[in-house]
Amino acid sequence: LLGNLIKRGSQIGQRIESNASPIEAQTKCLSRLLNKAKNTAFGQAYGFKNILNASDFISAFQSQVPVFDYEKINQEWWYRARNNESDVAWKGKIKYFALSSGTSCSASKQIPVSKEMINEIRRVGMKIFFSLPKFELNPETYSKNMFLLGGCTDLKYQDGYFLGDLSGINTGQLPFWMRSTYRPGRAIANISAWEERIDAIAKHAKQWDVGFLTGIPAWAQLMVEKIIDYHKVDTIHDIWPNLKVFVHGGVAFDPYRKGFEKLIREPLIYLDTYLASEGFIAFQNRPNTRSMTMVLNNGIFYEFVPFNEQNFTSEGEIIGNPKGFTIDQVAEGVDYALLMSTCAGAWRYLIGDTVRFTDIKKGEIIITGRTKHFLNVCAEHLSVDNMNQAIQKVEEKLNIAIPEFTVCGLKIDNYFVHKWYIGCQTMIPTEQIISLLDQELILLNDDYKFEREGILKELQLEVIPPKQFYNYQAHQGKMGGQNKFPRVMRESQFQEWERFLGNAIRELA
């Protein structure tokens, strides 16, 4: 009865969603943001009141406010909010700062999280819930426990604000009606040490009737493996027989799918989400697609900058103050760097991700990579999305699981080479993997194909145990939460990674 009532409520909620056009929703969103922040120090510095009075206030906003990356906006504005100053870039005092998920080779950023942003993220969670009837979910599942595998909810308090992983901040702010079904519960979620928290989860897992699992694929897979090993069973369904939905995000799921599906007995519904430390951007709201629908009325105004040589250097640095296209000006099949203006005080903020529209009418996108995580040492323009697809094809053709990989572009004499490390437990001849991976990348990317016929030599590749990737993250102090291993490394980062591997090999010897 409860499950049917919840399902009926989600169907009603889906029907009452706004029917405003994408540009109408975004125009109203920017107007609300500017009005809310017009009396802040930032709003006064950039004349938000005058912008709002302009006949075309979107164009006025774009011409008067420059593009900011993290370093620029943090050094000029956000540091003041951390110094207990109110009304800096958003109205009121910022009580929470999220440590960016980042990658294991980059320092964490501290992103402001306002109470409005927490509420908007919560509302997107409800939108995901409203989309579930499209997936023909059994009504019983709606009343099962929801397991949220995120960062530690025991936030660090310093200088008048709380600091922690965004997932930890959000979990600590759950609405009262979710707390009875939320697992693993506050006591376990408060454990800061990753290994200790996973041990506690494994020990108590049988006590919960989990229907929904949410988390970053790598950490969710490690947790499920730990539970299976602890209870000496074959699959997670021996512990959680009603598990039906895996809501994942942070990184592309495709490289993890083959390994993850060895841990389940029954097929799951997979829902992809795009939740960044700066806000909830998109989620998959229908089956049979790898695309996600952008959320255009959740306190974030978006601009899209074509990711090309005119706007970005080969190192992924933005050039000048390029034009940002609005949602009604984009085209399908083009890679765009994402700018965000948010209800937490980010303004024309370069988040660092690149996206591509797959269906403009539906507002659907895929994440293609990072502005600084493209391989482009000799104009090959290889995206992380290309790499994920190629790795998935290799997995399928060789019947192996490759949950982790990283690659770096190197110059050797007068030529260039891509050097790969892939994590795989199965012993497959390296030459076989190289041949297949190279073939798939050639099929996926014409620029790569052209350069492979000239200055880009055959890729180099080493196969290592997947645990080495996680050991390195532990070495960097970035286990669990929203931390991710970088798919593409710059040369200095790569040298540090190889030194770590060399030390690990010597210790084993």
Next on the checklist: Can you confirm whether Lys449 is buried at NZ, in the sense that more than 12 heavy atoms of other residues, nucleotides or ligands lie under 6.0 Å from that atom?
Outcome noted: no

Checklist entry - Given Val407 and Arg487, is the side-chain contact (heavy atoms from CB on, under 4.5 Å) satisfied, shown in steps? => result CA-CA 6 Å; Val407 58; Arg487 294 309 191 202; 5.9 Å; no

Next on the checklist: Taking Pro486's backbone N and O only, do any of them form a donor-acceptor pair with Thr406's side chain (distance below 3.5 Å, no angle check)?
Outcome noted: yes

Next on the checklist: Donor-acceptor check, side chain of Tyr336 to backbone of Ala331, threshold 3.5 angstrom: yes or no?
Outcome noted: yes

Checklist entry - Between the side chains of Thr326 and Asp328, does any donor sit under 3.5 Å from an acceptor? => result yes

Checklist entry - Will you find, in the side chains of Tyr472 and Gln468, an N or O donor that is under 3.5 Å from an N or O acceptor? => result no

Item to check | Distance-minimising heavy-atom pair for Asn190 and Asp154 | outcome: OD1-N, 3.2 Å

Checklist entry - If you measure from OG1 on Thr171 to CD1 on Ile169, what distance do you get to the nearest 0.5 Å? => result 10.0 Å

Checklist entry - Given the rule in the side-chain contact (heavy atoms from CB on, under 4.5 Å) test, do Cys424 and Val463 qualify, once you have shown the distances and angles that lead to the verdict? => result CA-CA 6 Å; Cys424 183; Val463 180; 3.9 Å; yes

Next on the checklist: Is any side-chain heavy atom of Glu76 closer than 4.5 Å to one of Phe68?
Outcome noted: yes

Next on the checklist: Is there a ring-ring contact (aromatic ring centres under 6.0 Å, His included) between Phe312 and Phe374? Walk through the geometry before answering.
Outcome noted: CA-CA 11 Å; Phe312 290 86; Phe374 271 67; 9.5 Å; no

Item to check | From CA spacing to verdict: side-chain contact (heavy atoms from CB on, under 4.5 Å), Phe307, Val334 | outcome: CA-CA 8 Å; Phe307 188 63; Val334 177; over 6 Å; no

Checklist entry - Distance-only, no hydrogens or angles: does the Gln493 side chain make a donor-acceptor pair with backbone N or O of Arg490 under 3.5 Å? => result yes

Checklist outcome for this item: CD of Gln26 to CD of Glu303, rounded to nearest 0.5 Å, is 9.5 Å

Checklist entry - Is the number of heavy atoms from other residues, nucleotides or ligands within 6.0 Å of NZ (Lys206) greater than 12? => result no

Checklist entry - Which pair of non-hydrogen atoms, one from Phe260 and one from Gln221, has the smallest distance, and what is that distance? => result N-OE1, 3.9 Å

Checklist entry - So which heavy atom on Ala218 is nearest to which on Glu404, and how close? => result CB-OE2, 3.5 Å

Next on the checklist: Listing request: all salt bridge (charged side-chain N to carboxylate O under 4.0 Å, His left out) pairs with a residue in residues 393-403, at least two apart in sequence or in separate chains.
Outcome noted: Lys397-Glu440

Checklist entry - So among Glu261, Gln284, Arg290, which one has a side-chain contact (heavy atoms from CB on, under 4.5 Å) with Tyr270? => result Glu261

Next on the checklist: Within the structure provided, determine whether Gln110 and Leu163 are in side-chain contact (heavy-atom separation under 4.5 Å).
Outcome noted: yes

Checklist entry - Are Asp234 and Arg265 within salt-bridge range, i.e. N to O under 4.0 Å? => result no

Item to check | Non-hydrogen side-chain atoms of Asp272 and His248 separated by less than 4.5 Å | outcome: yes

Next on the checklist: Using the ring centroid of each side chain, check whether Tyr470 and Trp194 are separated by less than 6.0 Å.
Outcome noted: no

Item to check | Ile281 vs Leu338 side-chain heavy atoms within contact, under 4.5 Å | outcome: yes

Next on the checklist: Ring of Tyr230, cation from Lys226 - is the NZ or CZ under 6.0 Å from the centre and inside 45° of the axis?
Outcome noted: no

Item to check | Closest non-hydrogen atom pair between Lys478 and Asn483, with its separation | outcome: O-CB, 3.4 Å

Next on the checklist: Quick test of your reading of the model: are Arg452 and Glu380 salt-bridged, counting only N-O distances below 4.0 Å?
Outcome noted: no

Checklist entry - Are any non-hydrogen side-chain atoms of Ile201 and Pro184 less than 4.5 angstrom apart? => result yes

Checklist entry - Counting only N and O atoms by type, is there a donor-acceptor contact under 3.5 Å from the side chain of Asn308 to the main-chain atoms of Asn311? => result yes

Next on the checklist: Return the CZ to CZ distance between Phe485 and Phe405, rounded to the nearest 0.5 Å.
Outcome noted: 11.0 Å

Checklist entry - Rounded to the nearest 0.5 Å, how far does CE of Met387 lie from CD1 of Ile422? => result 14.0 Å

Item to check | Flag side-chain contact, heavy atom, 4.5 Å: Tyr302 against Val330 | outcome: no

Checklist entry - Under 3.5 Å, is there a donor-acceptor pair linking the side chains of Ser435 and Glu431? => result no

Next on the checklist: Quick one, Phe450 and Leu456 - any side-chain contact, counting heavy atoms below 4.5 Å?
Outcome noted: no

Item to check | Note: Glu364-Arg356 ion pair, threshold 4.0 Å (strictly below) | outcome: no

Next on the checklist: Looking at Arg348, is its backbone amide N or carbonyl O close enough to the side chain of Ser341 to form a donor-acceptor pair, meaning the two atoms are under 3.5 Å apart?
Outcome noted: yes

Item to check | Pair Glu266-Lys244, side-chain contact (heavy atoms from CB on, under 4.5 Å): steps then yes or no | outcome: CA-CA 8 Å; Glu266 301 174 10; Lys244 301 295 183 185; 3.1 Å; yes

Item to check | Side-chain heavy atoms of Met117 within contact of Tyr96, under 4.5 Å | outcome: no

Next on the checklist: With ring-ring contact (aromatic ring centres under 6.0 Å, His included) as the test, pick out the partner of Phe246 among Phe147, Trp240, Phe253.
Outcome noted: Phe253

Checklist entry - How many angstroms lie between atom CG of Leu166 and atom CD1 of Ile121, to the nearest 0.5 angstrom? => result 4.5 Å

Checklist outcome for this item: For Val384 and Gly369, the nearest pair of non-hydrogen atoms, with its separation, is CB-CA, 3.9 Å

Item to check | Under 3.5 Å donor-acceptor, Glu332 side chain and Ile360 backbone | outcome: yes

Next on the checklist: In terms of relative ring orientation, are Phe469 and Trp497 parallel, tilted or perpendicular, with 30° and 60° separating the classes?
Outcome noted: tilted

Item to check | Short side-chain to backbone donor-acceptor contact, Glu120 and Gly279, under 3.5 Å | outcome: no

Next on the checklist: So which atom in Phe212 and which in Thr141 form the shortest heavy-atom distance, rounded to 0.1 Å?
Outcome noted: CE1-O, 3.2 Å

Checklist entry - Would you say the side-chain atoms of Gln476 and Glu496 include a donor-acceptor pair closer than 3.5 Å? => result yes

Checklist entry - Between the main-chain N or O of Leu382 and the side-chain N or O of Asn386, is there a donor-acceptor pair closer than 3.5 Å? => result no

Checklist entry - Just checking, any donor-acceptor pair under 3.5 angstrom between side chains of Gln389 and Asp385? => result yes

Item to check | Centroid separation Tyr421 to Phe494 less than 6.0 Å | outcome: yes

Next on the checklist: Quick check against the 3.5 Å criterion: does Ser131 have a side-chain atom that pairs as donor or acceptor with the backbone of Ile128?
Outcome noted: yes

Next on the checklist: For Asp209 and Asn242, which I'm curious about, is there any donor-acceptor pair between the side chains at under 3.5 Å?
Outcome noted: yes

Checklist entry - Short question: side chain of Thr289, backbone of Ser291 - any donor-acceptor pair under 3.5 Å? => result yes

Checklist entry - Would you say Asp446 has more than 12 foreign heavy atoms packed within less than 6.0 Å of its CG? => result no

Next on the checklist: What's the separation between atom CG in Asn388 and atom CG in Asp254, rounded to the nearest 0.5 Å?
Outcome noted: 6.5 Å

Checklist entry - Should the heavy atoms of other residues, nucleotides or ligands under 6.0 Å from NZ of Lys203 be counted, would the total exceed 12? => result no

